[in-house]
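Below, chain A is the first sequence line, B the second, and so on; all start at residue 1.
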Amino acid sequence: MNNYIKDLSDFLFDFTDFLEDKKYISPINKKQISIDYSSNKKKGDLATNFYLIIKRKVINENFNIEKEINDRIKLIEFIDHFSISKNGFINFFLKDEFIFKSLKEIYNKNFLNNINYGEDKKINVEFISANPTGPLHIAHIRGAVFGDVLSSLYVKTGFKVTREYYVNDAGSQIDKLSHSLLKRYLQLFDKKIELEEDEYPGEYIIDIAKKIKNEDGDKWLNFNREETIQYFKNFALKNILLSIKSDLELLNIKFDKFTHETEIEKSKIIDELFTILDNKSLLYNGILEKPKGDDSDWEPREQLLFRSSSLLDNEDRALKKSNGEWTYFANDAAYHLDKCKRNFDGLVNVWGSDHIGYIPRMNSLIRAIKDDENYLKILTCQIVRLIQNKQKIKMSKRSGNFVTLANVYSKVGKDPIRYYMISTKNETAIDFDLDVVVEKNKDNKVFYCQYAYARASSVINKTNELGIKIKNNSNLLAKNNLSVEEIKLIKKLISYPYLLYQSSFFNEPHRLINYLEEISSDFHSIWNKGKDNISFRFIDEKNIENTISKLFWLESFRVVLKDIFSIIDIDAPESM
RNA sequence: GCGCCCGUAGCUCAGUGGAUAGAGCAACCGCCUUCUAAGCGGUAGGUCAAAUGUUCGAAUCAUUUCGGGCGCGCCA
């Protein structure tokens with residue numbers, strides 16, 4: 001990967017190896033060595049604590065560490081000079097020619113070719129995987145957007161990504177769904193029959209029932225019960241899955257693969273899983289301990305268990321229910337074996353925070369079948385609280401009163417949803433204010449950043465009208481045509497490839513948002529300086545050289561903005 | 001009872017071993033003859049929940065306490 005921070009880091013690591021090999025210093029932990037962008041008030045572009053750490057480890061009294069540092073840093077091609085602060089930080093200054101060379105790579109979009117952190121490795125990202133028992137609602141939106149953007153980020157940094165949705169179309173919840181649907185159908189014929197408390201009360205089920213009535217009339221009133229239930233189950237699943245897919249289209253989320261739990265059941269891969277576990281003595285029949293909390297209807301029963309406590313979990317987990325059916329975990333485990341067998345180099349699962357307790361058993365499972373502790377990464381998203389009129393919107397799953405994705409979409413549209421769902425670190429809860437995100441002012445960050453793009457574009461349009469060409473004129477790019485503020489922004493622009501790498505490495509798309517807002521703000525600031533000071537205006541027809549220098553970074557700014565917008569998947573409006 | 005996440009400005013959040021802790025909103029004071037004022041500049045705002053420890057250095061790591069959230073059955 002072509003970026004100077006990585007190069008500098010390699011340089012410092014090699015340097016450390018050299019010092020250790022020659023016994024000039026006692027061994028150190030390289031992880032302590034950091035490279036940062038210098039804070040604004042300090043002089044310099046990059047800073048490292050290298051000297052701070054090394055100087056305390058010198059064991060050879062004849063060794064002159066300062067001289068060695070001096071001699072070596074001189075050889076780094078992109079460093080102009082450096083200084084060592086009183087407290088021991090080394091501050092580096094980049095060469096102008098290097099800064100402009102890097103800017104040209106941004107301008108020409110070459111940096112995209114240089115990012116191959118992923119080395120074309122194949123990874124599978126499983127996200128949402130909501131039960132097909134109802135439409136997607138607010139709790140699913142965050143995981144949906146996070147998984148989608150994370151996938152795009154992986155692709156951008158050189159991975160081959162499969163986006164996958166696991167459809168839990170087996171199990172007792174689906175049975176409850178079918179019974180709920182049947183009851184709603186019967187109610188349409190004035191049958192006196194009520195839903196049980198744990199069945200699904202949502203309006204959407206009545207709609208599906210009406211659909212059946214429209215198609216088949218009263219055909220199912222006196223039909224064989226088993227066949228009826230089977231028909232209603234399939235009908236419900238088909239319709240709900242379709243509605244989930246159409247909801248996802250609203251956010252432009254597309255999956256490469258839907259895997260159904262029922263397919264997993266049919267495939268018998270679970271037998272294969274059990275063989276693997278059995279060979280490692282991880283299967284046994286036993287009785288689980290009495291659970292904590294509400295245990296009113298608990299009684300001890302012997303069942304098939306997974307010895308996960310010998311791996312990463314704190315207790316063993318059931319694979320088979322007492323009625324002989326597989327547990328949810330058993331099928332999910334088989335599904336994960338299936339994923340493992342599909343030649344991915346890594347698996348990523350995005351789960352809601354309500355599944356955090358499930359993580360240790362899944363990690364145990366993967367550990368049992370794959371000898372690679374980094375093979376599966378489980379990332380979790382905390383909840384989203386909806387705010388309207390400064391009040392939290394209360395939701396109740398039991399009453400079926402939840403805010404659907406389609407509902408939120410109709411209020412605010414795609415871009416604010418996508419933007420805000422990843423603007424906060426995934427492990428932090430979000431307050432999503434429906435009133436703020438549709439405002440067209442700087443309270444609304446999406447708008448603010450898109451407006452920066454539109455403003456920059458308006459300048460480019462103006463230059464087109466005036467016939468000013470940037471192409472083939474890049475040799476005119478020169479530092480003395482640019483202000484301190486512009487150089488500062490240019491330095492941020494050339495750090496973009498490293499930002500992509502870090503965001504991908506840490507699985508943190510929200511870093512993109514922080515950066516995006518920062519450079520947008522810098523841009524708006526420079527723009528406004530042009531009102532007081534004519535030298536800050538982008539276009540000066542009397543000074544083409546000056547104009548070209550400005551347009552050059554302005555275009556690069558647009559490249560970066562557009563690139564981030566494409567990862568988040570929001571519009572890049574040329575005018576607003 | 002146990003596990004995980006969170007606690008940073010009045011509010012919403014960045015920063016997770018480095019230099020004087022940062023943005024935006026809200027508050028107050030300013031800036032449109034101009035390539036988009038849907039914007040910008042300035043002022044003010046902090047015992048980083050608390051305590052102890054580790055370290056040359058802690059918002060960041062460890063331990064404890066207090067607050068908030070999410071979980072913890074053969075559910076999914």
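Note on A/A452: nothing from the nucleic acid sits closer than 4.0 angstrom, heavy atoms only. Across all strands, A/K86 comes closer than 4.0 Å to no nucleic acid atom at all (heavy-atom distances). Residue-level contact check: A/Y358 touches the bases, meaning some heavy atom is under 4.0 Å from a base atom. Here A/R56 lies in heavy-atom contact (under 4.0 Å) with a base. Within the 4.0 angstrom heavy-atom criterion, base atoms lie near A/S85. A/L52 comes within contact range of at least one nucleobase, with a heavy-atom separation under 4.0 Å. As judged by a 4.0 angstrom heavy-atom cut-off over every strand, A/S575 is placed among the base-contacting residues.
Taking syn as a glycosidic angle within 90° of 0, B/G67 does not qualify and is anti. In this entry the base of B/C6 is anti relative to its sugar, with a glycosidic angle more than 90° from 0.
Residue A/R455 has no polar side-chain atom (N or O) positioned under 4.0 Å from OP1 or OP2 of B/A38. At B/C13, none of the side-chain N or O atoms of A/K445 fall inside 4.0 Å of OP1 or OP2 (strictly under the cut-off). In terms of phosphate contacts, A/W351 brings no side-chain nitrogen or oxygen within less than 4.0 Å of OP1 or OP2 of B/C70. Between A/S353 and the phosphate of B/G69, there is no side-chain N or O to OP1/OP2 separation shorter than 4.0 Å. Between A/K31 and the phosphate of B/U16, there is no side-chain N or O to OP1/OP2 separation shorter than 4.0 Å. Between B/C40 and A/Y448, a contact under 4.0 Å exists linking OP1 or OP2 to a side-chain N or O. In this structure, A/S458 reaches the B/U36 phosphate: one of its side-chain N or O atoms is under 4.0 Å from OP1 or OP2. The shortest distance between the side-chain N/O atoms of A/K529 and the OP1/OP2 oxygens of B/G41 is not below 4.0 Å. Note on A/T424: every side-chain N or O is 4.0 Å or more away from OP1 and OP2 of B/U12.
Taking every side-chain heavy atom of A/W527 into account, B/A37 is the closest of B/G39, B/A37, B/C75. Set against B/G15, B/C75, B/G73, the side chain of A/L288 has B/G73 as its closest nucleotide. When the nucleotides B/A76, B/G18, B/C35 are ranked by their closest atom to the side chain of A/I53, B/G18 comes out on top. Proximity note for A/N91 (side chain, C-beta onward) versus B/G39, B/A19, B/C75: the nearest is B/A19. With B/C56, B/C35, B/G15 as the candidates, the nucleotide lying closest to the side chain of A/H510 is B/G15. Taking every side-chain heavy atom of A/K425 into account, B/G15 is the closest of B/A37, B/G15, B/C75.
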Apply side chain to side chain donor-acceptor pair (under 3.5 Å) to the pair A/S309 and A/D316, showing each step before the final yes or no.
CA-CA 5 Å; A/S309 64; A/D316 295 340; 2.6 Å; yes
Using the rule given for salt bridge (Lys or Arg N to Asp or Glu O under 4.0 Å), can you reason through A/E126 versus A/K339, listing the C-alpha separation, both sets of side-chain angles and the distance that settles it, and then say yes or no?
CA-CA 10 Å; A/E126 183 209 326; A/K339 285 199 280 187; 2.7 Å; yes
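Between A/Y335 and A/W326, the ring centre distance reaches or exceeds 6.0 Å. Ring centers of A/Y448 and A/Y451: at least 6.0 Å apart, outside the cut-off.
Rounded to the nearest Å, the gap between the P atom of B/G53 and that of B/A58 is 12 Å. Comparing the same atom, P, in B/G69 and in B/A27 gives a spacing of 30 Å after rounding to whole Å. The P atoms of B/U60 and B/U55 are separated by 16 Å, rounded to the nearest whole Å. Between B/U12 and B/G30, the distance separating the two C1' atoms is 26 Å to the nearest Å. With C1' as the reference atom, B/A21 and B/A14 are 11 Å apart, rounded to whole Å. Taking atom P on both nucleotides, B/G15 is separated from B/C6 by 11 Å, rounded to a whole Å. For B/C40 and B/C2, the P atoms lie 50 Å apart once the distance is rounded to whole Å. Comparing B/A50 with B/G67, their C1' atoms are spaced 11 Å from each other, to the whole Å.
For the pair A/S520 and A/Q303, nearest-nucleotide mapping onto RNA chain B gives the more 5' position to A/S520. Heavy-atom distances to RNA chain B give each of A/S322 and A/D354 a nearest nucleotide, and the one nearer the 5′ end belongs to A/D354.
When rounded to the nearest whole Å, the span between CG of A/D313 and P of B/G73 equals 11 Å. Between A/F523 atom CZ and B/G24 atom C1' there is a gap of 19 Å when expressed in whole angstrom units. Atom CD1 in A/I460 sits about 12 Å away from atom P in B/U36, given to the nearest Å. Whole-Å rounding puts the A/Q502 CD to B/G15 C1' distance at 12 Å. Rounded to an integer number of Å, the gap from A/Y335 OH to B/A76 C1' is 15 Å. Rounded to an integer number of Å, the gap from A/I128 CD1 to B/A76 P is 21 Å. Protein atom CG of A/D36 is 12 Å distant from nucleotide atom C1' of B/U16, rounded to whole Å. If you measure from atom CG of A/D198 to atom C1' of B/G73, you get 15 Å, rounded to the nearest angstrom.
Residue-nucleotide stacking is not present for A/F89 and B/G18, judged by a side-chain ring centre under 5.5 Å from the six-membered base ring centre and planes under 30° apart. Here A/H355 counts as stacked on B/A76: its ring centre is under 5.5 angstrom from the base ring centre and the planes meet at under 30°.
Note on ring orientation: taking the six-membered ring where Trp is involved, the planes of A/W351 and A/H355 are tilted (angle from 30° to 60°). The aromatic rings of A/W553 and A/F523 lie perpendicular to each other, with more than 60° between the two planes, well past the 30° mark.
Scored by the ring-ring contact (aromatic ring centres under 6.0 Å, His included) test, A/H140 finds A/H137 as partners (sequence neighbours excluded).
The side chain to side chain contact (heavy atoms under 4.5 Å, CB included) with A/V408 is formed by just one residue from the set A/L386, A/L136, A/V384; it is A/L386.
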Pairing string of RNA chain B (Watson-Crick or G-U wobble, both atom distances under 3.5 Å; | = paired to other strand) is ((((((((.[[[[.)..(...]]]].(((((.......))))).....[[[[[..)....]]]]])))))))....
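Ion pairing of A/K266 with A/E263 is absent here, as no side-chain N (NZ or NE/NH1/NH2) approaches a carboxylate O to less than 4.0 Å. Checked for salt-bridge contact, A/E574 and A/R558 meet the test: a charged N lies under 4.0 Å from a carboxylate O.
Although no hydrogens or angles enter the test, the distance criterion places no donor-acceptor pair under 3.5 Å between the side chain of A/D36 and the main chain of A/A47.
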